[in-house]
Undergrad: 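The structure is given below, and queries will be raised subsequently.
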Amino acid sequence: MVSIAQYGILIILSFLLVLHFCIILKIIPSKIVWGNRLKSEKEMYRFEIISIIFNVIFLFFVLVHSDIWMIDFSKITMTIILWIMTIFFAFNTLSNILSKNKLEQRIFIPITILLTIFSLVLALSC
């Protein structure tokens, strides 16, 4: 189950990185993210860059956890980080539930639920 969780997170986060870059490049409209609450292009760039940074950080730690990148973190550090990811994705699921955009709800609620479950599996495996 751990390897499914690792690869699941890696695939989903990679997909989300592509999505956020497509939004920045205006290939995909920004209305499908952030609950359709973005008020300006400047705000969209700010939120998308923050999202990309978080996704890269999470990808990094999952790559380390899965021993794809051989970087030595203590077990407690990895456990804490994975629990932070679990909580983050759980809150993200709640924010998607509150979204004003039905498409965002249909697409991202299942994705964030999977990310929450996968992160939980990894956190419990440490």
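Scope of the values below: all heavy atoms of this structure, side chains included, with no hydrogens, waters or symmetry mates. Numbering of residues begins at 1 and proceeds along the displayed sequence. All of these numbers come straight from a predicted model, not from anything done at the bench.
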Undergrad: Are L10 and V2 joined in one hydrophobic group, where the rule is that I, L, V, M, F, W and Y side chains link up if heavy atoms are under 4.5 Å apart?
TA: yes
Undergrad: Please round to the nearest 0.5 Å and tell me the distance separating atom OG of S51 and atom CG of L17.
TA: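 Answer rounded to 0.5 Å: 8.0 Å.
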Undergrad: Apply side chain to side chain contact (heavy atoms under 4.5 Å, CB included) to the pair T112 and L94, showing each step before the final yes or no.
TA: CA-CA 9 Å; T112 55; L94 292 175; over 6 Å; no
Undergrad: Determine whether V56 and L63 fall in the same hydrophobic cluster, where Ile, Leu, Val, Met, Phe, Trp and Tyr are linked whenever their side-chain heavy atoms lie under 4.5 Å apart.
TA: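 The answer is yes; both residues are in one hydrophobic cluster.
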Undergrad: Do I84 and L124 share a hydrophobic cluster (ILVMFWY, side-chain heavy atoms under 4.5 Å, transitive)?
TA: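 No, it is not one cluster - the side chains of I84 and L124 are not joined through contacts under 4.5 Å.
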Undergrad: Given side chains that start at C-beta, do those of E41 and K26 come closer than 4.5 Å, heavy atoms only?
TA: yes
Undergrad: For T93 and T116, which heavy atoms make the closest approach, and how far apart are they?
TA: OG1-OG1, 3.8 Å
Undergrad: What's the spacing between H65 NE2 and S119 OG if we round to 0.5 Å?
TA: 10.5 Å
Undergrad: If a pair satisfies ring-ring contact (aromatic ring centres under 6.0 Å, His included) and one of its residues is in residues 15-38, list it, with sequence neighbours excluded.
TA: W34-F47
Undergrad: For the atom pair OG (S99) and CD1 (I109), what is the distance rounded to the nearest 0.5 Å?
TA: 8.0 Å
Undergrad: Quick one: which of V18, L25, L19 gives a side-chain contact (heavy atoms from CB on, under 4.5 Å) with C22?
TA: V18
Undergrad: Measuring only between side-chain heavy atoms, which start at C-beta, is Q105 closer than 4.5 Å to N96?
TA: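 When only atoms from C-beta onward are counted, N96 and Q105 do not touch, as no gap falls below 4.5 Å.
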Undergrad: Can you confirm whether Y7 is buried at OH, in the sense that more than 12 heavy atoms of other residues, nucleotides or ligands lie under 6.0 Å from that atom?
TA: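 Incorrect, the count does not exceed 12.
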Undergrad: When you look at CZ of R106, are more than 12 heavy atoms from neighbouring residues, nucleotides or ligands closer to it than 6.0 Å?
TA: no
Undergrad: May I ask you to test the I117-I113 pair for a side-chain heavy-atom distance under 4.5 Å?
TA: yes
Undergrad: Show the numbers, then the answer: is there a side chain to side chain contact (heavy atoms under 4.5 Å, CB included) between S30 and E48?
TA: CA-CA 9 Å; S30 62; E48 288 304 305; 5.9 Å; no
Undergrad: Evaluate the side-chain proximity of L122 to M78: yes if any heavy-atom separation is below 4.5 Å, no if none is.
TA: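 No, too far: nothing below the 4.5 Å cut-off.
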Undergrad: Cluster question for you: counting only ILVMFWY and a side-chain heavy-atom cut-off of under 4.5 Å, with indirect links fine, are M85 and L59 together?
TA: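 The answer is yes; both residues are in one hydrophobic cluster.
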Undergrad: Could you note down all residue pairs passing ring-ring contact (aromatic ring centres under 6.0 Å, His included) where residues 86-126 supplies at least one of them, sequence neighbours left out?
TA: F54-F88, F58-F88, F58-F89
Undergrad: State, with a plain yes or no, whether a side-chain heavy atom of L115 is found less than 4.5 Å away from one of L13.
TA: yes
Undergrad: Please tell me if the side chains of I28 and V33 come closer than 4.5 Å, counting only heavy atoms from C-beta onward.
TA: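 Side-chain contact under 4.5 Å: no.
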Undergrad: State which residue, out of T77, I80, I76, T79, fulfils the side-chain contact (heavy atoms from CB on, under 4.5 Å) condition with C126.
TA: T79
Undergrad: Any chain of hydrophobic side-chain contacts (each under 4.5 Å) joining I81 to I50?
TA: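 Yes, I81 connects to I50 through the hydrophobic network.
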Undergrad: Which heavy-atom pair separates E43 from R37 by the least distance, and what is that distance?
TA: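 Closest approach of E43 to R37: OE1-O, 3.9 Å.
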Undergrad: Do V121 and I4 pass the side chain to side chain contact (heavy atoms under 4.5 Å, CB included) test, and can you show the C-alpha distance, the side-chain angles, and the key distance before you say yes or no?
TA: CA-CA 9 Å; V121 167; I4 292 171; over 6 Å; no
